[in-house]
Peer 1: 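Mind looking over this structure? Questions follow.
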Amino acid sequence: MPNKVVTTPYPLIDADPHAFRVVRYFRSSDYATWAAGTAAFPAALYFWNMADPVKVRMRTSLRLGGFFGFVGGFLMAYQRSSLRFWGWSENKREEDLDLAELSQRAAEGKPLYGTSSQPEWVQGVAYRNSAWSQLKFSAFPMFNFVNHPHHGTDPAKYGVKEKELSD
């Protein structure tokens, strides 16, 4: 994979973070966004019904609206967290968590981003499919569930030695 230089207003933490890591790094504001999305969708349906009443019960519509709000709110929260990983918004907290987590993994001799049973070419395909996918949630939600070595950062900042990188 050719190395691309990405300049961002804040430090790049991970160009293609694993989905579980993105959720683990959620802030309370992300959970608030998720809750607001969950509540906003059925509330909008309810108020729309007040403005233009229908003659049927709203129970099913409100439940479906709650589900869509839950999913949409989660996607918004996930995207906000991903933007911090990419360095597109303020990410000091995530930067500190990342440095502590991955430095500990490097000190223990573990691979920084986990191991994968997938062949190298599958890891590359998974990276190319999921990189920047958080910007395309409205068309096709896709998450990174594959551990791969393509993250756009220098492993040396976590204390990984040069000979360990070539292994």
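From a predicted model like this one, the values you see are computed outputs, not experimental measurements. Each residue takes its place number in the sequence, starting with 1.
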Peer 1: Could you tell me whether Y31 atom OH has more than 12 heavy atoms of other residues or ligands within 6.0 Å of it?
Peer 2: yes
Peer 1: To the nearest 0.5 Å, what is the distance between CZ (F137) and OG (S82)?
Peer 2: 6.0 Å
Peer 1: Got P149 and Q123 here, is their nearest side-chain heavy-atom distance under 4.5 Å?
Peer 2: yes
Peer 1: Spell out, yes or no, whether F68 and L62 are grouped together once hydrophobic residues are joined by side-chain heavy atoms under 4.5 Å, including indirect joins.
Peer 2: yes
Peer 1: Identify the heavy atoms of R84 and I13 that sit nearest to each other, and give their distance.
Peer 2: O-CD1, 3.9 Å
Peer 1: Do D98 and D14 make a side-chain contact, defined as non-hydrogen atoms from C-beta onward lying under 4.5 Å apart?
Peer 2: no
Peer 1: Indicate the ring-plane relationship of F26 and W34, choosing parallel, tilted or perpendicular according to the 30° and 60° boundaries.
Peer 2: perpendicular
Peer 1: Are the side chain of D30 and the backbone of R80 linked by a donor-acceptor contact shorter than 3.5 Å?
Peer 2: no
Peer 1: Quick check for you: to the nearest 0.5 Å, what is the distance between Y10 atom OH and N91 atom CG?
Peer 2: 8.0 Å
Peer 1: May I ask you to decide whether R24 forms a salt bridge with E101, counting only side-chain N to carboxylate O separations under 4.0 Å?
Peer 2: yes
Peer 1: Parallel, tilted or perpendicular: which fits the ring planes of Y25 and F85, with parallel below 30° and perpendicular above 60°?
Peer 2: tilted
Peer 1: Enter the distance from R27:CZ to T33:OG1 here, rounded to the nearest 0.5 Å.
Peer 2: 11.5 Å
Peer 1: Name the orientation class of the two ring planes belonging to Y78 and F143 (parallel below 30°, tilted from 30 to 60°, perpendicular beyond 60°).
Peer 2: perpendicular
Peer 1: Return the CG to NZ distance between L102 and K110, rounded to the nearest 0.5 Å.
Peer 2: 12.0 Å
Peer 1: Could you report the tightest heavy-atom contact between S130 and D16, atom names first, then the distance?
Peer 2: OG-OD2, 2.8 Å
